[in-house]
Amino acid sequence: MTRLGFLLDSESCIGCHACTVACKAEHDVPLGVNRTWVKYIETGTFPNVNRHFSVMRCNHCDDAPCISICPTNALFRADNGVVDFDDDNCIGCKGCMNACPYDAIYINPVTNTANKCNFCNHRIEQDLEPSCVVVCPTHAIKVADLDNPDDETTKIIARSETAVRSPEQNTLPKVHYRGADPASLDPLRTAIADDGMIWADTTSQHPTAVHGGDGVVARTAYTTAHEMTWKAKVSSYLVTKAVAAGVMMVAALLVVLGHGGEQAAVGVVPPVVAGVFLALTAVLLVGDLKRPERFYYLITRGNRRSWLVKGAAVLGAFAAVSAAWFVAGVAESIGALQVLAAPAALLGLATAGYTAFLFVQCEGRDLWQSPLVLPTLLAQSVVAGGAGYAVMELAVDGPDPVAVQWALLAGVLATAVLVAAELLGRATPHVEAAVAAMARGRYARQFWMGGVVLGLVVPAALVVVSLAADSGPVPAAVAGVCAVAGMWCYEDSFVRAGQSVPLS
């Protein structure tokens, strides 16, 4: 049994970047991205200062989250324990980039597929050392067979005081550092100064820049930029599927309340609305792929452990039930609608909530690991369902507008409680940094003015007024539009803040 890893000796590293250059030459790595790079940090105060060097790369984890989340098995474990990749399978979903706690994966701008250090496996198979090992002038990079106690590098690891990056993530990384300053391995303990960094391509405005913080003990003098991967399309997809799921859940509730005979408002319009928003969801999901022409690999080459694949199955099943609902509605079959009510509601909940489990697989983003994500998504689906029906009632007389408004109000209040709990809760420093970015930093205006005021306060006030004054469908419809718009603002700030915390 062979289980390859690295020993990176920071005591010997001189920061010459030979490993970076050799890696780029060996693998034809384009400008702007890196499989291997050297990070410089500075500690102390003038004149007693020190500069420390650390080589950054894939950690070839024994429990690699990138393999679990990859929907098409493009990332896999080779027989020697190395985490390797197959360009021909990658659809460019970028899930692996958020799963990796080490910023080790990038999208190749030439192939639009995910690449990273693969231990120069093509060289290993020919009994050659990785290119970075060959060129290192101080032999600061060493290969270890961690399952061989007689291996010289493994002996060094065993008798030395070594460290690994982010051990709290429990990924069991196989890259060991000797003599590295702890601040160089923990990006939350370093800050990028406001004057930027000479020769480096990371600026003070980049998401990997941190300013201040109680744990900061060093200054980052050189590192590389890392892309924020999931943006507006992912935020929008969370909202579109919430609307699709919520409308069908409210329709199922109305059938249970005895309104199945309302053909248009219960049997026909809701599945049409759900179908439209499911189609938008599919367009957003496929459009966010770097290789959208390969989207069908989710089916033909699917990794059943990935929630991207499981989510696609959930969306397909929900679409099928919605189509059956439409047929039953057109046929005015109340009995069929009653039979479909339970699966429609359950699949609606699954459609709204499965992304919480996808976020859990994104182990590099601690904010997304919160147990509050699932109930928040479910509460938002109730909001979206009530909002959808409230808007529909402008064109189609609903069977029970009061019940719809109460559902909308209940969803808004539940969401408000969950968002407040998210803000007030404290977990890891990573979570605290992400919450700070969302509530007090770069995304604060969008979060407070959009997510809270527009998405929660205004809808709640309008629905209360509508219920108290019986003022017709317009206030409730306006409340619904505001709620959905505010939901997008919240989700977008949440998605971006989760990715704003540095990992390397």
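Heavy-atom basis, side chains included; hydrogens, waters and symmetry copies ignored.
Evaluation of the ring pair (Phe, Tyr, Trp, His ring centres under 6.0 Å) rule for Tyr177 yields no partner, not counting sequence neighbours.
The pair Arg291-Glu293 meets the salt-bridge criterion, with a side-chain N (NZ, NE, NH1 or NH2) lying under 4.0 Å from an Asp/Glu carboxylate O. Taking a cutoff of 4.0 Å between a charged side-chain nitrogen and a carboxylate oxygen, Asp186 and Arg165 do not qualify as a salt bridge. Residues Glu227 and Lys94 are not paired through a salt bridge, judged by the lack of any N-O separation under 4.0 Å between the basic side chain and the carboxylate.
No donor-acceptor contact under 3.5 angstrom links the side chains of Asn73 and Asn89, judged on distance only. A donor-acceptor contact under 3.5 angstrom links the side chains of Thr355 and Tyr237, judged on distance only. For the residue pair Glu363 and Asn170, no side-chain donor N or O sits within less than 3.5 Å of a side-chain acceptor on the partner. In this model, a donor atom of one side chain and an acceptor atom of the other lie less than 3.5 Å apart for Trp488 and Ser236. There is no side-chain donor-acceptor pair under 3.5 Å between Thr428 and Glu168. Neither side chain, Thr72 nor Arg301, offers a donor N or O lying under 3.5 Å from an acceptor on the other. Under the 3.5 Å distance criterion, with hydrogens and angles disregarded, no donor-acceptor pair is assigned to the side chains of Asp145 and Asn80. Donor-acceptor pairing under 3.5 Å is recorded for the side chains of Asp87 and Thr113. With no hydrogens or angles considered, a side-chain donor-acceptor pair links Thr171 and Tyr102 at under 3.5 Å. Between the side chains of Asn98 and Arg365, at least one donor N or O lies within less than 3.5 Å of an accepting N or O. Of the N and O atoms on the side chains of Thr36 and Thr20, not one donor lies less than 3.5 Å from an acceptor on the other residue.
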Practice prompt. Verify salt bridge (charged side-chain N to carboxylate O under 4.0 Å, His left out) between Lys174 and Asp62, making sure each step is shown before the conclusion.
Written response: CA-CA 7 Å; Lys174 298 202 297 289; Asp62 275 336; 3.3 Å; yes
Item to complete: Quick one: do Asp288 and Lys233 satisfy salt bridge (charged side-chain N to carboxylate O under 4.0 Å, His left out)? Show the steps, please.
Response: CA-CA 6 Å; Asp288 194 53; Lys233 290 177 183 175; 5.2 Å; no
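Using bins of under 30°, 30° to 60° and over 60° for the plane-to-plane angle, the ring pair Phe357/Trp307 lands in the parallel bin. In this pair, Phe119 and Phe6 present their aromatic rings parallel. The plane angle is below 30°, not in the 30 to 60° band.
For the residue pair Leu367 and Val373, the shortest heavy atom distance occurs at O-CG2, 4.5 Å. Across all their heavy atoms, Met97 and Ile107 have their closest contact at SD-CG1, 3.5 Å.
The environment of CD1 in Ile299 is sparse: at most 12 heavy-atom neighbours from other residues, nucleotides or ligands sit within 6.0 Å.
Figure legend: Lys241 and Tyr354 shown as a cation-pi pair, the cationic atom lying under 6.0 angstrom from the six-membered ring centre and within 45 degrees of its axis.
Here the side chains of Ser504 and Trp37 are in contact, with some heavy-atom distance below 4.5 Å.
Judged by distance alone, with hydrogens and angles left aside, the side-chain atoms of His60 form a donor-acceptor pair with the main-chain N or O of Val83 at under 3.5 Å.
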